[in-house]
Amino acid sequence: MSEDLFAGMTETLFEDKSILSEEYRPDVIVERDEEIDAYRTALKDVLFGRNPSNVFIYGKTGVGKTAVTEYILHALRAEVRQRDAADELHVHSRNCNDDTVYRTVRSLINGIRGDHREQFPETGLATSHALETLFEEMDDLSGTFLFVLDEIDHLDDVNTLLYELPRARANGHLTDARVGVIGISNNYTFRSSLSPKVKDTLMEKEIAFSPYDATELRSILEMRAEKALVDDACESSAIKLAAAKAAKDTGSARQAIDLLREGGDIAEEVDSGTITDDHIERAAERVQRGRVKNKLRDQTMHGQLILEAIAALEADGHAPVRSKEIQDAYEQITGSWGHDPLTTLKSIQNHLSDLTMLGFLERSEQNRGRAGGAHYQYELTLDPDVVLETRESIEVES
DNA sequence: GATCCACAGGAAATAGTGGCTT
DNA sequence: AAGCCACTATTTCCTGTGGATC
């Protein structure tokens with residue numbers, strides 16, 4: 001019996017599903033002509049053996065920042081090879097998510113050294129030492145270096161790195177090599193956290209990526225669907241709907257593509273020959289749920305336990321709760337899973353404030369004077385069931 | 001008007017891991 | 001082995017804060 005379980009299964013709708021995955025890099029970029037143009041102008045100095053400008057890119061997730069950057073750099077590298085006037089070009093990328101200056105510098109050094117040489121130590125050395133080493137490595141190779149720092153707003157102490165790097169030549173740390181920094185951020189307010197000196201060096205060229213509107217998303221989806229799906233696998237109204245939903249929510253191509261892919265999965269599950277509006281509607285729920293679950297998994301254990309505590313309280317009808325009550329529930333839950341709880345209220349409050357910042361919680365100020373003092377009340381912004389469900393599965397896995 | 005509640009929020013200390021150089 | 005270094009996650013300590021209560 002069980003041998004036949006998979007016997008009849010075929011991929012009916014997808015021709016090449018990987019085209020709808022997050023890693024896929026299209027070789028043609030649609031709907032970003034202006035940005036590509038601006039980018040090209042910003043980097044053209046590289047071709048003439050001059051110091052490259054620093055470029056700063058912003059825009060929300062899934063609006064093509066990374067895709068366009070890779071596309072441009074690929075083209076730039078190709079062009080540099082054709083020209084004599086251009087120095088050798090070295091491009092190194094780094095995702096700075098939750099990163100420190102030391103680790104970023106280390107990763108750049110290792111990028112330059114390549115796999116065949118000894119890796120720079122993870123710890124044990126001063127950050128200034130790491131910077132010196134980086135400059136030495138660069139000078140050894142000479143040529144033009146472009147450092148792409150993705151999610152640069154998550155880098156703590158951006159100021160030191162962004163101060164040192166672009167000025168290395170002026171300060172005599174570099175003699176043969178040239179540097180350009182390409183900073184990518186999805187946070188518009190990031191600018192204000194920069195020191196004034198850094199601001200005007202890094203921000204020589206700024207390019208803003210705006211969210212896609214429904215029409216743009218539609219043409220992106222049509223493009224992808226053409227290649228990823230078999231002919232006539234998707235009703236055109238379904239594409240239109242996916243584009244409209246994504247445009248209304250985030251304006252992100254990634255979200256639109258997720259909807260299409262998930263819609264395809266659902267259509268296959270119900271043995272439908274085409275993806276319909278209804279499948280997209282149902283995909284929207286799944287995609288949303290999946291996103292929440294992933295975000296939860298990224299949290300520290302104590303962060304998760306605290307969210308679970310609040311979810312449990314809310315499920316019991318205790319609407320907004322203050323931190324003291326959360327602590328009690330948290331201690332219970334921690335014990336029931338067999339973990340050690342945090343001992344101080346302050347620690348709980350630290351986490352609560354983090355979780356609020358990340359958008360998991362909403363809080364309101366309260367002041368009951370002598371009868372209750374000033375405090376916050378917290379509330380989940382998520383469905384408590386999703387939290388409890390996710391937590392359950394995380395505990396079972398481990 | 002003084003006092004007090006129950007916190008908030010920031011800074012600094014502490015603890016612990018891992019690893020470098022000399 | 002001693003002395004530094006990076007990094008993380010707490011904890012300890014301190015200085016507000018605003019309305020209710022005395």
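Just so it is clear: chains get the letters A, B, ... in the order the sequence lines come, proteins before strands, and each one is counted from 1. Computed over heavy atoms, backbone and side chain alike; hydrogens, waters and symmetry mates excluded. Owing to the predicted nature of the structure, the values given are computational and were not obtained by experimental measurement.
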Validation: residues 365-373 of chain A side-chain donor-acceptor distances under 3.5 Å, sequence neighbours left out:
{"from": "A/Gln366", "atom 1": "OE1", "to": "A/Arg368", "atom 2": "NH2", "distance (Å)": "3.1"}
{"from": "A/Asn367", "atom 1": "OD1", "to": "A/Gly369", "atom 2": "N", "distance (Å)": "3.0"}

Query - Distance in angstrom units between A/Met301 CE and C/dA9 P, rounded - result: 12 Å
Requested in this report: Under 4.0 Å between any heavy atoms, over every strand shown, what does A/Arg363 touch: base, sugar-phosphate, or nothing? Just pick one.
Outcome: sugar-phosphate
**Report entry** Distance below 4.0 Å between A/Tyr376 side-chain N/O and B/dG9 OP1 or OP2
**Finding:** yes
Report task. On the 0 to 90° scale, with breaks at 30° and 60°, tag the A/Phe135-A/His173 ring pair as parallel, tilted or perpendicular. Result -> parallel
Query raised in the report: Once you round it to whole Å, what is the distance between P of C/dT10 and CG of A/Leu345?
Result: 14 Å
Can I get a per-line list of side-chain donor-acceptor pairs under 3.5 Å for residues 222-235 of chain A, giving both atom names and the distance, sequence neighbours left out?
{"from": "A/Arg224", "atom 1": "NH1", "to": "A/Ile19", "atom 2": "O", "distance (Å)": "2.8"}

Report task. Report the distance from atom CG of A/Asp354 to atom C1' of B/dG9, rounded to the nearest whole Å. Result -> 12 Å
Report summary line: Output for pair (A/Leu305 CG, A/Thr300 OG1), nearest 0.5 Å, gives 8.5 Å
Requested in this report: Mind checking A/Glu365 for me? I need base, sugar-phosphate or nothing, with any heavy atom below 4.0 Å counting as a touch.
Outcome: nothing
Report summary line: Of A/Gln349 and A/Gly373, the one whose closest nucleotide on DNA chain B sits nearer the 5' end is A/Gly373
Requested in this report: Check the distance between B/dG18's P and A/Arg106's CZ and give it to me in whole angstrom.
Outcome: 16 Å
Report summary line: d(A/Leu161 CG, A/Leu108 CG) to nearest 0.5 Å is 7.5 Å
Query - Euclidean distance, A/Ile109 CD1 relative to A/Met138 CE, rounded to 0.5 Å - result: 10.5 Å
Requested in this report: Name all residues meeting the side chain to side chain donor-acceptor pair (under 3.5 Å) criterion together with A/Asp265; count only those two or more places apart in sequence or in a different chain, and write none if there are none.
Outcome: A/Lys17
Query - Whole-Å distance separating the CG atom of A/Leu305 from the C1' atom of C/dT10 - result: 15 Å
Report summary line: Regarding the side chain of A/Lys346, the nearest nucleotide among B/dG10, C/dA9, B/dC7 is B/dG10
Report task. Return the value, rounded to whole Å, for the distance between atom CZ of A/Arg103 and atom P of B/dC20. Result -> 16 Å
Query - N-O pairing of A/Lys245 and A/Glu262 below 4.0 Å - result: no
Query - Separation of atom CG in A/Asp99 from atom P in C/dC7, rounded to whole Å - result: 9 Å
Report task. Check the distance between C/dT10's C1' and A/Asp340's CG and give it to me in whole angstrom. Result -> 13 Å
Could you list, one pair per line, each protein nitrogen or oxygen that sits under 3.5 Å from a nitrogen or oxygen of nucleotides 20-22 of chain C, together with the distance?
{"from": "C/dA20", "atom 1": "O4'", "to": "A/Arg370", "atom 2": "N", "distance (Å)": "3.4"}
{"from": "C/dT21", "atom 1": "O2", "to": "A/Arg370", "atom 2": "NH1", "distance (Å)": "3.2"}
{"from": "C/dC22", "atom 1": "O4'", "to": "A/Arg370", "atom 2": "NH1", "distance (Å)": "3.1"}

Query raised in the report: Among all residues two or more places apart in sequence or in another chain, which pass the side chain to side chain donor-acceptor pair (under 3.5 Å) test with A/Ser347?
Result: A/Thr344
Query - Residue-phosphate contact under 4.0 Å: A/Thr343 side-chain N/O, C/dT11 OP1/OP2 - result: yes
Query raised in the report: Phosphate oxygens OP1/OP2 of B/dA8: is one of them under 4.0 Å from a side-chain N or O of A/Tyr378?
Result: yes
Query raised in the report: Relative to each other, are the rings of A/His90 and A/Phe145 parallel, tilted or perpendicular (30° and 60° limits)?
Result: parallel
Query raised in the report: The side chain of A/Ala374 lies closest to which of these nucleotides: C/dT17, C/dA9, C/dT11?
Result: C/dT17
Requested in this report: Residues of residues 118-128 of chain A with any non-hydrogen atom less than 4.0 angstrom from an atom of DNA chain B: list those, numerically ordered, please.
Outcome: A/Pro121, A/Thr123, A/Gly124, A/Leu125
Query raised in the report: With sugar-phosphate meaning primed atoms plus P, OP1 and OP2, does A/His302 contact a base, only sugar-phosphate, or nothing at under 4.0 Å between heavy atoms?
Result: sugar-phosphate
Query raised in the report: Considering only side-chain heavy atoms of A/His351, which listed nucleotide, C/dT10, B/dA11, C/dA6, is closest?
Result: C/dT10
